[in-house]
Amino acid sequence: MSRYNVKDIEAKWQSAWAEEATFATPDPGDEKKCYVLEMFPYPSGRIHVGHVRVYTLGDVIARYRRAQGYAVLHPMGWDAFGLPAENAAIENRVHPATWTYENIDNMRRQLQSMGLSIDWSREVTTCDPEYYRHEQKMFLDFLKAGLAYRRESWVNWDPVDQTVLANEQVIDGKGWRSGAEVEKRKLNQWFLRITAFADSLLDELARLDGWPERVRIMQENWIGRSSGARVTFPLIPDSAGYDRHGDALARYGTAIEVFTTRPDTLFGAAFVAVSPNHPLAEALAEHDPALAEFIAECNRLGTSEEAIETAEKRGHRTGLAARHPFREGDTLPLYVANFVLMEYGTGAIFGCPAHDQRDLEFARKYDLPVRPVVVPPDASATDFEIGTEAYAGDGRLANSEFLDGLDVEAAKAAAARRLAELGLGEAQVTYRLRDWGVSRQRYWGCPIPIIHCADCGAVPVPDADLPVTLPDDVDFEQAGNPLERHPSWKHVACPSCGKDASRETDTFDTFFESSWYFARYCSPDAPEPFDRGAADYWLPVDQYVGGIEHAVLHLLYSRFFTRAMKACGYLGIEEPFSGLLTQGMVCHETYRDADGRWLFPEEIRRVSGGKAVKVEDDSPVTVGRSEKMSKSHKNVVDPETIIEAYGADTMRLFIVSDSPPERDLDWTESGVDGAWRYLNRLWRMVTEAALAAPSGPPPDEVAPDKAAPDLLDARRAIHKAIRDTTDDLDRLRFNRAVARIRELSNTIANLSGEDGATLWVRREGLEALVRLAGPFVPHIAEELWRTLGHEVPLSATDWPSPDPALVTEDSVTVAVQVNGKLRGTLDLPVDADQAAAETAALALDNVQAALSGKAVRKVVVVPNRVINVVA
RNA sequence: GGGCGCGUGGCGGAACUGGUAUACGCGACGGACUUAAAAUCCGUUCCCUUCGGGGUUGCAGGUUCGAGCCCUGCCGCGCCCACCA
């Protein structure tokens with residue numbers, strides 16, 4: 001018997017697959033297709049265990065579908081623009097491109113050592129001008145279609161990375177990469193009009209039944225559709241009567257627009273407030289130094305969880321008042337208030353203290369009237385009062401003139417109707433979702449193809465001049481954007497009038513590149529972004545695999561981008577990914593020495609009693625709970641080391657064995673050992689049996705109607721294993737599939753005897769075993785398939801199907817209960833006569849003992865499952 | 001504050017969507033082989049038991065012939081969003 005020589009076997013099959021172009025993508029044809037894609041990696045330099053998990057999961061699916069006869073597209077590429085390259089440039093004085101391409105080369109080598117069934121001829125690299133030229137063109141098309149625009153706006157500014165961040169990239173008031181407290185700045189920015197598709201992005205979620213419910217809910221909340229009304233409040237100087245607002249009103253206008261979801265509570269209004277960043281507030285501040293100071297203070301305040309929770313509701317009274325739209329002669333004081341967001345609705349609200357907690361806190365502080373207008377069903381209109389809790393529930397309207405007596409829903413509609421009649425508003429839908437700001441003040445990104453001309457404004461770079469490429473000779477010695485400082489790059493003639501003009505020096509957010517790469521893979525060398533025929537055939541992606549952290553970032557942007565591409569005639573579909581699998585994180589125990597310093601797993605040694613010591617000096621080590629692998633806690637495992645020691649198959653098997661894919665996975669050394677031991681066992685089973693096991697058509701004595709009972713049982717187990725593993729793979733339940741495969745190994749191992757029929761059944765089992773294991777552990781499976789005497793490689797062999805005669809049962813074990821408690825089992829023919837089943841059950845000794853003479857009240861017979869005797 | 005999810009042996013987890021709870025693996029223990037160790041192989045492994053059985057899916061109830069699964073209320077853990085009018 002030969003030894004399981006991992007290194008040779010894995011190297012041998014990896015080069016065989018490469019030479020034979022085994023995983024080359026077929027041309028679009030008539031076969032059923034399956035596009036399997038994992039989120040492409042950022043080329044950080046080395047793969048980590050998280051990569052191993054995603055690419056293993058995707059590879060199992062791709063290999064399984066290929067064996068089933070699908071035309072499979074399974075590509076790989078690099079999300080190659082981004083900040084780490086620039087940081088490396090600053091720290092190590094290496095050009096971002098050099099750094100990136102070197103990292104790609106190393107990571108490609110590492111990924112290839114995993115034995116992935118990837119068509120490497122379709123590699124896409126987003127920092128390549130041959131890639132990003134297409135998105136520059138797309139951007140200009142979006143601009144023409146009104147899906148991109150430029151405006152001055154308040155932005156999230158990351159003071160460490162010195163760039164703007166999208167709302168999706170601000171986590172708890174901090175930059176998603178730098179962790180720095182985000183500041184507010186006003187800048188000219190390019191935006192993509194993602195809000196134009198808000199309804200479609202929301203409504204189509206219901207049809208994405210291949211997506212986890214969790215992700216769909218997260219996107220739904222993120223889009224945040226709410227319906228209400230827009231209300232116009234005419235402005236007048238209030239009783240304090242100053243007149244210095246004339247200038248501000250003249251510039252801003254003499255009315256203020258407010259969005260509310262509760263137009264029914266308009267009669268409870270006590271004040272109107274605008275955001276500190278509202279144009280009216282800014283105009284007023286020019287003549288009001290105290291207001292200017294208040295606004296500045298608001299902008300300094302962070303937006304972190306803590307800041308929001310502890311922040312007091314504060315306002316600055318403006319000296320203006322708003323006329324109540326319904327109640328003649330009633331006016332409401334106008335405030336600038338710190339809790340009003342410029343980014344949502346119109347940046348202005350009316351405050352109804354009785355029915356909104358924030359408004360109530362504000363009203364109590366500034367002593368404004370609290371007038372309930374919605375009375376709960378169990379209270380009376382005359383004594384219902386508000387204390388410290390606003391009432392947000394349902395009820396009947398009161399103190400509200402024409403709305404009195406209506407319920408909340410009817411009152412909302414009636415109020416909106418009246419507003420429309422008066423010309424002071426109408427029903428309106430508003431979204432939490434905001435347009436996607438894509439300008440970044442960074443070098444290592446795709447240049448925005450725009451030229452700014454003093455006379456002509458923002459002029460698109462003509463098609464003939466695309467792509468706009470990055471200059472190579474840049475200087476990272478100073479902070480800020482090197483494109484801005486480059487001596488010549490930005491100075492160009494205006495394409496429209498020919499005068500001196502300057503290039504846009506901002507680059508795109510890197511989520512721009514990842515929003516369409518899945519389409520580029522369909523035809524990576526096409527002169528257009530993609531060949532329409534190829535895209536029509538391959539898209540949408542059938543199974544996408546990636547981390548949950550992209551639930552509202554990449555996955556939402558890609559859905560938008562696909563719609564925008566469709567609107568501009570690039571594509572015929574709206575949804576890019578029909579199936580989505582979000583895999584959990586990989587975790588590992590943490591270790592600290594006596595001084596509290598973190599230790600790497602290889603620095604410790606397990607001793608008895610679950611304790612651990614330092615390898616170096618046997619000093620005690622504290623074992624901490626398992627948490628997400630991170631460099632700072634040193635609880636990391638390097639995939640390359642694992643492959644060196646055990647091989648890719650062991651690593652792949654371990655990573656799919658223990659936990660369901662969407663759940664977090666605990667990386668354990670003993671689990672890896674277990675996978676290693678299993679593969680050695682598999683190796684021995686096949687190599688020891690292969691010589692003795694005959695091949696060929698089934699001999700008579702193993703036929704379903706002739707085989708000896710134990711052989712028949714074994715054959716049944718083999719075919720059920722095929723059926724169940726297939727079912728588990730279809731449902732992406734890989735940990736269960738692995739359990740089925742191990743069970744099949746046990747069945748085969750328990751098959752004793754060396755007669756011809758037994759040998760034949762053993763071979764049948766081993767062949768099934770190797771074929772079922774193929775998607776998980778492809779190298780060893782190929783090798784054993786050959787050992788079993790097959791000339792055609794496993795990667796070109798069909799997926800096995802179970803023999804129907806062997807998976808349909810003719811008898812079944814039925815549980816027998818008395819009053820719901822198990823008292824025995826019965827072997828009955830499938831679909832046995834109910835009366836006969838009942839009689840057989842009652843005849844059991846255990847049943848009679850449990851009844852102990854009591855009368856049987858009834859017997860519940862669930863065919864083929866259970867018989868419950870009720871006494 | 002809003003939304004979503006989870007809780008099963010020492011551990012990871014399984015249980016066909018209401019029908020024999022604890023599959024498969026890890027760990028542990030015992031044995032065989034070995035001068036010895038590793039590897040391998042064979043057993044045992046939810047708890048209690050007077051060996052007849054009895055109990056067990058975070059806790060307390062409910063629905064049902066029957067509940068890990070459905071409902072109600074607690075307890076604990078996790079994730080997402082958050083002054084969103």
Side-chain angles (χ1 to χ4, degrees), chain A residues 171-173 212-222 224 226 228 258-262 265 273 275 303 305 307-309 311-313 337-341 343-352 355-359 361-362 430-434 548-549 551-552 584 606 608 610 626 654 657-660 663-675 677-678 680-681 684 724 727 733 735-746 749 813-826 846 849-850 857-871:
Chain A
I171 314 293
D172 191 23
E213 186 68 16
R214 196 151 83 97
V215 175
R216 290 192 276 168
I217 289 169
M218 279 163 73
Q219 291 211 357
E220 193 181 314
N221 292 341
W222 189 264
S226 39
V258 153
F259 173 75
T260 179
T261 54
R262 297 295 303 272
T265 64
S275 163
T303 49
E305 187 176 349
I308 286 165
E309 229 149 66
E312 203 185 356
K313 306 278 177 287
N338 65 348
F339 65 97
V340 182
L341 303 175
E343 302 83 26
Y344 184 75
T346 61
I349 61 157
F350 80 80
C352 176
H355 304 293
D356 182 286
Q357 192 59 32
R358 292 156 304 180
D359 298 346
E361 286 167 31
F362 190 82
T430 293
Y431 303 88
R432 216 190 70 107
L433 182 70
R434 280 158 238 164
I548 187 81
E549 67 272 19
V552 286
R606 282 275 172 198
S608 58
S626 187
F654 166 68
S657 295
D658 269 7
S659 295
R663 221 181 284 188
D664 286 353
L665 168 79
D666 263 322
W667 183 280
T668 60
E669 280 62 30
S670 56
V672 178
D673 276 338
R677 282 201 300 268
Y678 176 72
N680 278 281
R681 180 172 173 230
R684 282 192 306 274
D724 294 345
D727 185 51
R733 302 169 71 153
N735 56 320
R736 266 171 47 124
V738 170
R740 298 287 90 87
I741 289 169
R742 298 183 91 133
E743 269 174 340
L744 177 56
S745 311
N746 295 342
T813 306
V814 171
V816 181
Q817 304 173 332
V818 175
N819 292 331
K821 281 197 196 303
L822 186 69
R823 295 298 172 190
T825 58
L826 272 179
N846 279 346
R857 283 199 287 133
K858 71 172 176 177
V859 180
V860 179
V861 180
V862 181
N864 306 325
R865 289 219 183 268
V866 77
I867 300 164
N868 190 12
V869 180
V870 185

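Residue numbers begin at 1 in each chain, while the letters A, B, ... track the order of the sequences. What you see is a predicted model, and the numbers here were worked out from it, not measured in a lab.
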Looking for any heavy atom pair under 4.0 Å, which part of the strands does [X] touch: base, sugar-phosphate only, or nothing?
X	result
S226(A)	sugar-phosphate
E743(A)	sugar-phosphate
V340(A)	base
R742(A)	sugar-phosphate

For [N] and [M], measure between their [atom1] atoms and round to the nearest Å.
N	M	atom1	result
G62(B)	A85(B)	C1'	41 Å
G52(B)	U57(B)	P	26 Å
G58(B)	G54(B)	C1'	22 Å
U56(B)	A21(B)	P	12 Å
G13(B)	A23(B)	C1'	10 Å
A82(B)	A15(B)	P	35 Å
U17(B)	U50(B)	P	41 Å
G19(B)	G68(B)	P	10 Å

Whole Å only: how far is the [atom1] atom of [X] from the [atom2] atom of [N]?
X	N	atom1	atom2	answer
Y344(A)	A82(B)	OH	P	13 Å
K313(A)	A85(B)	NZ	C1'	12 Å
L341(A)	C84(B)	CG	C1'	6 Å
M218(A)	A82(B)	CE	C1'	13 Å
R432(A)	A85(B)	CZ	C1'	14 Å
E549(A)	C80(B)	CD	P	10 Å
Y678(A)	G25(B)	OH	P	9 Å
N819(A)	G66(B)	CG	P	8 Å

Give the minimum heavy-atom separation between [X] and [Y], together with the two atoms involved.
X	Y	answer
D359(A)	G351(A)	OD2-CA, 3.3 Å
E312(A)	N338(A)	O-ND2, 2.8 Å
D666(A)	F654(A)	O-CZ, 3.6 Å
M218(A)	A551(A)	CE-CB, 3.3 Å
R432(A)	W222(A)	NH2-CE3, 2.7 Å
R742(A)	G674(A)	NH2-O, 3.8 Å

Looking only at N and O atoms, is any donor in the side chain of R865(A) or the base of C16(B) less than 3.5 Å from an acceptor on the other one?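 Answer yes: a donor N or O sits under 3.5 Å from an acceptor.
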Just compare [options] and give me whichever is closest to any side-chain atom of [X].
X	options	answer
A815(A)	C83(B), U20(B), G19(B)	U20(B)
W222(A)	C65(B), A82(B), G19(B)	A82(B)
V870(A)	C24(B), C84(B), C65(B)	C65(B)

If a protein heavy atom is under 4.0 Å from the base, mark B; if only from the sugar-phosphate, S; if neither, -; do that for nucleotides 37-55 of chain B going 5' to 3'. ---SS------------SS
Each nucleotide in nucleotides 3-15 of chain B should get exactly one letter: B, S or -. Can you fill that in based on protein heavy atoms under 4.0 Å? SS-------SSSS
May I ask you to check whether Y678(A) and S657(A) show a side-chain donor-acceptor distance below 3.5 Å?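 Absent: no donor and acceptor within the cut-off.
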Of V869(A) and G674(A), whose closest RNA chain B nucleotide lies nearer the 5' terminus?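 The residue whose closest nucleotide sits nearer the 5' end is G674(A).
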Where does G5(B) land, syn or anti, given syn is within 90° of 0?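 In terms of base orientation relative to the sugar, G5(B) is anti.
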Base orientation of G52(B), syn vs anti, 90° cut from 0: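 Base orientation: syn.
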Are any side-chain N or O atoms of T261(A) and backbone N or O atoms of G228(A), one a donor and one an acceptor, separated by less than 3.5 Å?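 Judged by distance alone, no pair lies under 3.5 Å.
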For the backbone of V860(A) and the side chain of N868(A), can you confirm whether one donor and one acceptor N or O come within less than 3.5 Å of each other?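 Checked: no pair found.
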Is a salt bridge present between R216(A) and E213(A), judged by a nitrogen-to-oxygen distance below 4.0 Å?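 Yes.
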Wobble G-U and Watson-Crick pairs count when both distances are under 3.5 Å; given that, what is the 5' to 3' dot-bracket string of RNA chain B, with | for pairing to other strands? (((((((..(((......[....)))((((((.......))))))(((....)))..(((((..]....))))))))))))....
Tell me, do [X] and [Y] make a side-chain contact under 4.5 Å, heavy atoms counted?
X	Y	result
R262(A)	C352(A)	no
D356(A)	F350(A)	no
V816(A)	T825(A)	no

Could you walk me through whether E743(A) and R740(A) satisfy the salt bridge (Lys or Arg N to Asp or Glu O under 4.0 Å) test, starting with their C-alpha distance in whole Å, then the side-chain angles of each, then the deciding distance to 0.1 Å, before giving a yes or no? CA-CA 5 Å; E743(A) 269 174 340; R740(A) 298 287 90 87; 3.0 Å; yes
